[in-house]
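Reading through the structure tokens given below for one structure.
None of the values given here were measured: they were computed from a predicted structure. Throughout, numbering of the chain's residues begins at 1 and tracks the sequence.
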Amino acid sequence: MAVLLAVFLFSAGSILVIMNQYRISDQLYDDIASQYTHEREAGEKQETGGREEQTGENGPAAERAPITVDFEGLLAANDEVVGWIYCEDTPINYPVVRGEDNDYYLRHSYDGKGSAAGSIFVEAANQAGFADSNTIIYGHHMKNGSMFAGLDKWADQEYYEEHPVMWLLTPEQDFKVLLFSGYTTSATSDTYTIFTGPAEEIDDYLRKSVSQSDFQANVVLYREARYVLLSTCAYVFDNARYVLHGVLVPVDSAGGAPLPEGKTKAPR
């Protein structure tokens, strides 16, 4: 009985510790979102600087991100912050960091403090500024649904249709992320191949990604575009991952706000 009681108390204590870690992490990211982001009001005017809105293959060029981010404040807290990822009506609302390796931010929050939830972070082998043809972004699959735990919800067609778009905001340029593929794969699969620039091989890569998708999307894909791969752990087999592919569509804002006078959009 004494042994059983000891085991029970140890297990209960471990669960309480884990729950407390989740609470601390959730509170941290709730606080940072409140401190550094502002939700654009539904009726807030989207100025076009006197220009007429131009419609492209994937939407109006003058579109603004639904939130703004105080990158000046964020970068003062951590100069390895490279962006902010946001998906409306989901828990995905986090700063994105890029470290010197892929280990540090697995166990540290955006502010450098130890954290079981870690951070949303960019693959260290990618070029800075989301300049590669495809940039990989990682996040933990937390049991309380935070970080990138919800990626596998896109396996459902209805859920995809309700959430077809994410936003990636950066200090230099904002992007509308049009999701076009989601599936389970291995951590060692060629899904994680990095293309530094447009190449014939990326055409095959995109075709294969679409063919494996759990949902159907009507998104224009082209070799010269830039893409992101969102990745988190899955638990259907050893080293399984659930991934989402999205194409980056530049919009006329940086940090969610209109571009400063004299600043031009980054090229597609």
Side-chain angles (χ1 to χ4, degrees), residues 56-59 80-87 92 94-102 105-106 119-139 147-148 151-152 154-155 160 163-170 172-234 239-251 265-268:
E57 290 177 319
N58 287 319
E80 291 187 325
V81 171
V82 296
W84 191 282
I85 190 165
Y86 173 76
C87 185
I92 297 176
Y94 299 108
V96 180
V97 292
R98 180 175 177 268
E100 295 180 357
D101 56 47
N102 290 333
Y105 285 111
L106 279 173
S119 301
I120 304 299
F121 65 96
V122 170
E123 163 65 51
N126 274 119
Q127 296 183 72
F130 303 93
D132 289 325
S133 286
N134 63 322
T135 298
I136 303 168
I137 304 177
Y138 302 105
M147 307 309 282
F148 273 179
L151 292 190
D152 57 7
W154 272 268
Y160 161 73
H163 308 86
V165 170
M166 291 191 190
W167 290 87
L168 179 63
L169 286 67
T170 80
E172 301 80 22
Q173 174 71 64
D174 293 340
F175 300 94
K176 191 173 186 179
V177 184
L178 304 184
L179 304 173
F180 64 88
S181 176
Y183 53 89
T184 303
T185 189
S186 167
T188 59
S189 74
D190 58 8
T191 291
Y192 293 92
T193 303
I194 294 174
F195 299 91
T196 58
E200 290 184 11
E201 291 80 7
I202 203 168
D203 295 338
D204 293 332
Y205 177 84
L206 294 172
R207 278 192 290 268
K208 184 176 180 181
S209 299
V210 171
S211 70
Q212 297 180 93
S213 182
D214 295 322
F215 61 83
Q216 301 298 310
N218 183 23
V219 176
V220 176
L221 307 178
Y222 50 103
R223 186 186 301 175
E224 294 76 16
R226 283 180 283 168
Y227 298 88
V228 288
L229 174 73
L230 313 181
S231 173
T232 194
C233 289
N239 291 320
R241 300 290 187 269
Y242 197 85
V243 299
L244 279 180
H245 291 268
V247 57
L248 297 178
V249 179
V251 298
K265 270 194 347 180
R268 287 176 182 259

Might you work through the side chain to side chain contact (heavy atoms under 4.5 Å, CB included) test for Glu123 and Thr135, ending with a clear yes or no? CA-CA 7 Å; Glu123 163 65 51; Thr135 298; over 6 Å; no
Roughly how far apart are [X] [atom1] and [Y] [atom2], rounded to 0.5 Å?
X	Y	atom1	atom2	answer
Leu244	Ile92	CG	CD1	7.5 Å
Met147	Ile120	CE	CD1	3.5 Å
His163	Phe215	NE2	CZ	12.5 Å
Arg241	Tyr192	CZ	OH	6.0 Å
Tyr86	Leu169	OH	CG	10.5 Å
Ile202	Glu224	CD1	CD	9.5 Å

Closest contact, heavy atoms only, Phe148 versus Thr232: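 Phe148 and Thr232 have their closest heavy atoms at O-CG2, 3.4 Å.
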Looking at every heavy atom in both Phe195 and Asp132, which two are closest together, and how far apart are they?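 Looks like O-CB, 3.5 Å.
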Side-chain heavy atoms of [X] within contact of [Y], under 4.5 Å:
X	Y	value
Leu229	Asn134	no
Val243	Ser231	yes
Asn239	Thr188	no
Lys208	Asp204	no
Thr170	Phe175	yes
Trp154	Leu230	no
Asp214	Tyr160	no

For residues [X] and [Y], is any side-chain donor paired with an opposing acceptor at under 3.5 Å?
X	Y	value
Ser209	Tyr227	no
Glu80	Tyr105	yes
Ser133	Tyr205	no

Parallel, tilted or perpendicular: which one describes the rings of Phe121 and Tyr138, with boundaries at 30° and 60°?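 Ring orientation of Phe121 relative to Tyr138: tilted.
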Has [X] got a side-chain atom pairing as donor or acceptor with [Y]'s backbone, closer than 3.5 angstrom?
X	Y	result
Ser213	Gln216	no
Asn126	Ile136	yes
Gln212	Gly182	no
Asp174	Val251	no
Asp101	Ala124	no

Run the side chain to side chain contact (heavy atoms under 4.5 Å, CB included) check on Leu178 and Val165 step by step: do they pass? CA-CA 5 Å; Leu178 304 184; Val165 170; 3.7 Å; yes
After noting the C-alpha distance and the side-chain angles of Val177 and Val247, does the key distance pass the side chain to side chain contact (heavy atoms under 4.5 Å, CB included) rule? CA-CA 5 Å; Val177 184; Val247 57; over 6 Å; no
Does the side chain to side chain contact (heavy atoms under 4.5 Å, CB included) test come out yes or no for Met166 and Val228, once each step is laid out? CA-CA 11 Å; Met166 291 191 190; Val228 288; over 6 Å; no
